[in-house]
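These notes are about the structure you will find just below.
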Amino acid sequence: MTPRSSDAPAHPETATEVLPRDFFARPSLQVAPDLLGCVIVHETPEGLVAVMLTEVEAYDGQNDPASHSYRGRTARNAVMFGPPGHVYVYFTYGMHFCMNLVTQPVHGSSAVLLRAGRVIAGVPLATARRSRRLARTIPREVDLARGPARLCEALAVDLSHDGADAVDPASPLRALASATPVPTAEISRGPRVGISRAADLPWRFWITGEPTVSPYRAYAARRPRTKPVTGPDREGGTISP
DNA sequence: CCGAAGATTGCCT
DNA sequence: GGCAATCTTCGGG
């Protein structure tokens, strides 16, 4: 790890220790609100980015129709069937990553989706990462990790991190305890965002009034894609590889 | 095998 | 507010 000349933390907001594995060895509905105020740190050759979690969602495995593991184990969701404290990352919409932290496998597999956070270290790096994708928008600081795919991009988390152990102190990607726990009175809860099944369950938790919390969007079915061209082949011939 | 949905986001009207 | 982008994964035929 990084050598320090004294015991004084160089960055107070990133000096807390990793959460104990037991923290995650509980049902998702208990872990989720407790994750608010906790910090995800990712150290890469580019530098360090830390995000304080402000919005999360609980998924309850095979007891939850909205969970990726509802219908059992597959190659994609295998990590959720493993030990708690590990990272489950999935790829969606052909372009986005979302990250979860695995919890107690009471119902076969469970996890908490990290929906949003506030970047508390490495703002310039997070801004640079986000800016790469944006053609006509300059990201505001509060938007850097506002939404699950943005959070992953700000932290440079992708499929290569699927299965990473977030409670290993030596891991570049770690989940740290909250320096100042969020009082229960400041936590709001409501329905999860963008899911079609079990859409009414209030399993989304966020810090009340936090500007980094993503806007709620109800599930909206996408209309069928325009059908492939049927008609004569305009190329009129074969195309050599 | 193939069709369709998807724990989203950004940009345009 | 609407819709395209973009492709993996899953489940049904």
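No hydrogens, no waters, no symmetry mates; every other heavy atom, side chains included, goes into these values. A quick note: this is a predicted structure, and the numbers were derived from the prediction, not measured. Reminder, nothing fancy here: chain letters follow the sequence lines and each chain counts from 1.
Within the 4.0 angstrom heavy-atom criterion, no nucleotide atom of any strand lies near A:Tyr70.
With sequence neighbours left out, A:Val89 forms a side-chain contact (heavy atoms from CB on, under 4.5 Å) with A:Val87, A:Phe97, A:Met99, A:Val157, A:Leu159, A:His161, A:Asp162. Listed by chain and residue number, A:Arg197 satisfy the side-chain contact (heavy atoms from CB on, under 4.5 Å) test with A:Arg71 (two or more places apart in sequence, or in another chain). Here A:Arg222 pairs with nothing under the salt bridge (Lys or Arg N to Asp or Glu O under 4.0 Å) rule; sequence neighbours left out.
Atom CD1 of A:Ile138 is surrounded by 12 or fewer heavy atoms from other residues, nucleotides or ligands within 6.0 Å.
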Practice item. Between protein and nucleotides 8-13 of chain C, map the contacts as a letter string: B base, S sugar-phosphate only, - none, heavy atoms under 4.0 Å, written 5' to 3'. Key: SSSS--

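Read 5' to 3', the first and last nucleotides of DNA chain B with an atom closer than 4.0 Å to a heavy atom of chain A are B:dG6 to B:dC12.
A distance-only check finds a donor-acceptor pair linking the side chain of A:Glu57 to the backbone of A:Val193 [under 3.5 Å]. A donor-acceptor pair is defined here as one N or O able to donate and one able to accept, closer than 3.5 Å; such a pair exists between the side chain of A:Arg129 and the backbone of A:Ala154. Of the possible polar contacts, none joining the A:Arg130 side chain to the A:Glu153 backbone as a donor-acceptor pair under 3.5 Å is found. At least one donor-acceptor pair closer than 3.5 Å links the side chain of A:Arg192 to the backbone N or O of A:Ala58. Proximity of a side-chain donor or acceptor of A:Ser28 to a complementary backbone N or O of A:Val112 within less than 3.5 Å is not detected.
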Review item, side-chain donor-acceptor pairs of residues 116-126 of chain A, under 3.5 Å, at least two apart:
{"from": "A:Arg118", "atom 1": "NE", "to": "A:Glu210", "atom 2": "OE2", "distance (Å)": "3.3"}
{"from": "A:Arg118", "atom 1": "NH2", "to": "A:Glu210", "atom 2": "OE1", "distance (Å)": "3.4"}
{"from": "A:Arg118", "atom 1": "NH2", "to": "A:Glu210", "atom 2": "OE2", "distance (Å)": "3.4"}

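Remark: the separation of the P atoms in B:dC2 and C:dT6 is 23 Å, to the nearest Å. Between the P atoms of C:dC3 and B:dA5, the separation comes to 16 Å (whole Å).
For residues 75-94 of chain A, the set of pairs meeting the side chain to side chain donor-acceptor pair (under 3.5 Å) definition, not counting sequence neighbours, comprises A:His68-A:Tyr88, A:Thr74-A:Asn77. Contacts classified as side chain to side chain donor-acceptor pair (under 3.5 Å) and involving residues 134-143 of chain A (residues at least two apart or in different chains) are given here: A:Arg140-A:Asp143, A:Asp143-A:Arg146.
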Review point. Using Watson-Crick and G-U wobble pairs with both distances under 3.5 Å, what is the 5'-to-3' dot-bracket string of DNA chain C, with [ ] for crossing pairs and | for pairs outside the strand?
Key: |||||.||||||.

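Within residues 187-198 of chain A, the residues that place at least one heavy atom under 4.0 Å from DNA chain B are, in residue-number order, A:Gly194, A:Ile195, A:Ser196. Within residues 134-150 of chain A, the residues approaching DNA chain B are A:Leu134, A:Ala135, A:Arg136, A:Thr137, A:Gly147, A:Pro148, A:Ala149, A:Arg150, by heavy-atom distance under 4.0 Å. Listed in residue order, the members of residues 81-90 of chain A having a heavy atom less than 4.0 Å from DNA chain B are A:Tyr90.
A single hydrophobic cluster is not seen to contain both A:Leu29 and A:Ile195; linkage of ILVMFWY side chains at heavy-atom distances under 4.5 Å, directly or through other members, places them apart. Cluster annotation: A:Leu101 and A:Leu113 are assigned to distinct hydrophobic clusters (Ile/Leu/Val/Met/Phe/Trp/Tyr, side-chain heavy-atom contacts under 4.5 Å, transitive). Note: the hydrophobic cluster containing A:Met80 does not contain A:Val167 (ILVMFWY, side chain heavy atoms under 4.5 Å, direct or indirect links).
Under the 4.5 Å side-chain criterion, counting only non-hydrogen atoms from C-beta, A:Ser69 is not in contact with A:Tyr59. Contact annotation: the side chain of A:Thr103 never approaches that of A:Gln30 to less than 4.5 Å [non-hydrogen atoms, C-beta and beyond].
With A:Phe23 as the aromatic partner, A:Arg26 meets the cation-pi criteria of under 6.0 angstrom to the ring centre and within 45 degrees of the ring axis.
Between A:Arg130 and A:Met80, the residue anchored closer to the 5' end of DNA chain B is A:Met80, taking for each the nucleotide with the nearest heavy atom.
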